[in-house]
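In what follows, a structure is listed as structure tokens, so that the remarks can point back to it.
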Amino acid sequence: MRLAHHWRVPVVPQGGNTGMSGGATPDGSGRQLVLSTRRLNRIRRIDTANDTAEVEAGVVLQALQEAAQVAQRLFPLSLAAEGSCTLGGNLATNAGGTAVLRYGNARDLTLGLEVVTPSGEVWSGMRGLRKDNTGYDLKQLYIGSEGTLGIITAAALKLFPLPKARRTALMALSGLVAAVALLEHARGELGAGLTAFEVISARCVPLLARHFPALRWPFAQTAPVTVLLELSDYENDAHARNVLDRVLEHALEAGLAVDGVVGESVAHSRALWALRESLSEAQALEGVHVKHDIALPTSAIPAFVAAAEDSVERFAPGARPAWFGHLGDGNLHFNVLAPMASDPDRFVARQSELNRLVHDQVAAFGGSISAEHGLGQLRRDENVRYKHPLELRMMQAVKEALDPLELLNPGKLLPARESQEALHIP
Ligand code: 2HG
Ligand code: ZN
């Protein structure tokens with residue numbers, strides 16, 4: 001970084017390269033240097049008494065999950081790319097995933113950071129402290145900054161007790177209103193034991209059958225909405241089974257669910273999770289689609305989806321909103337597949353218009369246009385429309401203070417020059 005600073009070479013930090021918003025890929029100028037963190041791959045220390053792990057940025061997420069398990073601890077961050085994404089990227093994008101409902105996102109799991117600044121200095125902020133009020137919480141600036149302020153090279157992360165048992169259930173529901181009601185009920189019944197509440201819309205189901213024929217959908221009929229619940233139990237397996245059965249019974253009796261299945265073994269639960277975790281790839285294999293990674297108050301989701309589906313149908317008749325995601329956190333992947341037998345290029349050409357339509361609805365319902373994948377290049381300009389100009393100016397001021405030469409990840413996250421002028425950003 002010191003050399004790049006000396007020669008004024010822009011640097012694009014890159015971890016596992018699994019991002020979905022183009023945050024870790026260079027522009028087409030041929031002038032940007034991609035700096036891989038992959039060889040920073042040591043787990044420096046696991047401190048079970050302090051419940052912390054000190055890890056380098058290039059450690060693959062799954063490797064940390066496994067090391068924590070060996071130490072009889074849980075590192076809860078979990079997402080479909082965990083076999084290849086790295087912790088540096090997880091932190092730089094403030095990754096979410098499937099356990100946010102209980103443990104929070106990457107930001108909530110971080111106690112300290114080590115960061116290389118654009119001039120090549122090393123900030124060693126690896127404090128594993130749960131209380132530390134010594135001024136601005138600088139690590140939080142770097143988390144979610146998508147490599148635009150500094151390069152995260154290591155982190156001190158929180159660990160948790162390993163649950164004694166886990167049980168997964170898949171439930172077929174009458175609709176999204178029922179799903180939100182069930183979420184509320186499950187939160188009340190399971191408390192902190194509810195560690196995942198994922199949602200799959202009916203349009204996703206045929207994609208699984210088409211592209212992952214080995215996966216078995218457990219219900220004869222496809223319900224409008226299917227949810228996957230996970231319970232982590234600190235008593236024992238029989239207790240977990242009992243509690244989850246009660247939730248399922250309630251859902252059936254109250255008319256929220258039409259069918260349900262509880263994972264009978266670890267392998268069975270994994271198979272249920274595979275249905276959820278294969279959706280992103282199934283959509284990629286299906287062909288052209290436009291992604292939206294949005295967050296809303298959970299209570300607003302049924303009305304938002306009805307309104308957004310309606311606008312999409314009017315905009316491109318036959319287009320297929322095949323949404324799924326993390327209902328427990330109010331985070332939907334409102335992805336829209338091109339109409340069957342249409343010209344995919346024409347659909348893609350209208351991508352920005354479709355984004356605008358969906359994001360305007362998101363804003364109308366009080367949501368965010370970027371929940372867990374980051375702004376990167378994909379949503380950088382779109383963000384200018386929805387973020388308050390004062391917030392954008394404050395972000396720009398932070399950028400200027402920490403990276404005055406604009407060497408780190410140019411062209412990502414922050415508005416382009418033209419929009420900055422329009423916003424009177426100096
Ligand atoms: C998931 O939840 C990922 O599976 C990917 O965040 C979402 O492909 C997507 O849009
Ligand atoms: Zn997701």
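For ligands, and for the atoms within them, numbers begin at 1 and follow the listed sequence.
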Problem set entry | Sub-6.0 Å ring centroid separation between Phe75 and Phe160 | no

Charged N to carboxylate O below 4.0 Å: is that the case for [X] and [Y]?
{"X": "Asp137", "Y": "Lys139", "answer": "yes"}
{"X": "Arg276", "Y": "Glu230", "answer": "no"}
{"X": "Asp237", "Y": "Arg166", "answer": "no"}
{"X": "Arg241", "Y": "Glu264", "answer": "yes"}
{"X": "Lys164", "Y": "Asp233", "answer": "no"}

Those atoms of ligand 1 less than 4.0 Å from some heavy atom in [X]:
{"X": "Glu372", "result": "2 (O), 6 (O)"}
{"X": "His333", "result": "1 (C), 2 (O), 3 (C), 6 (O), 7 (C), 10 (O)"}
{"X": "Ser280", "result": "5 (C), 8 (O), 9 (C)"}
{"X": "His326", "result": "2 (O)"}
{"X": "Asn335", "result": "9 (C), 10 (O)"}

For this session: Between His373, Lys291, Glu198, flag the one that comes closest to atom 3 (C) of ligand 1 by a heavy atom.
Result: His373

Exercise. Quick one: which of Glu277, Gln283, Met20, Arg276 has a heavy atom closest to atom 1 (C) of ligand 1?
Worked result: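 Nearest heavy atom to atom 1 (C) of ligand 1 lies in Arg276.
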
Exercise. Does the cation-pi check pass for Arg350 over Phe315, that is, NZ or CZ under 6.0 Å from the six-membered ring centre and within 45° of its axis?
Worked result: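 Yes, cation above the ring, under 6.0 Å and within 45°.
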
Problem set entry | Any donor-acceptor N/O pair, Ser84 side chain to Gly16 backbone, under 3.5 Å | no

For this session: Please check if any side-chain donor atom of Glu382 sits under 3.5 Å from a side-chain acceptor atom of His359, or the reverse.
Result: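 There is such a pair between these side chains.
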
Exercise. Any side-chain donor paired with an acceptor under 3.5 Å for Trp323 and Glu309?
Worked result: yes

Problem set entry | Side chain, backbone, both or neither: the part of Leu79 lying under 4.0 Å from ligand 1 by heavy atom |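 Neither part.
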
For this session: Could you pull out the N/O/S protein atoms under 2.8 Å of the Zn ion (ligand 2), ignoring any water?
Result: His326 NE2, His333 NE2, Glu372 OE2

Exercise. Leu279 near ligand 1, heavy-atom distance under 4.0 Å?
Worked result: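 Distance cut 4.0 Å: Leu279 fails for ligand 1.
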
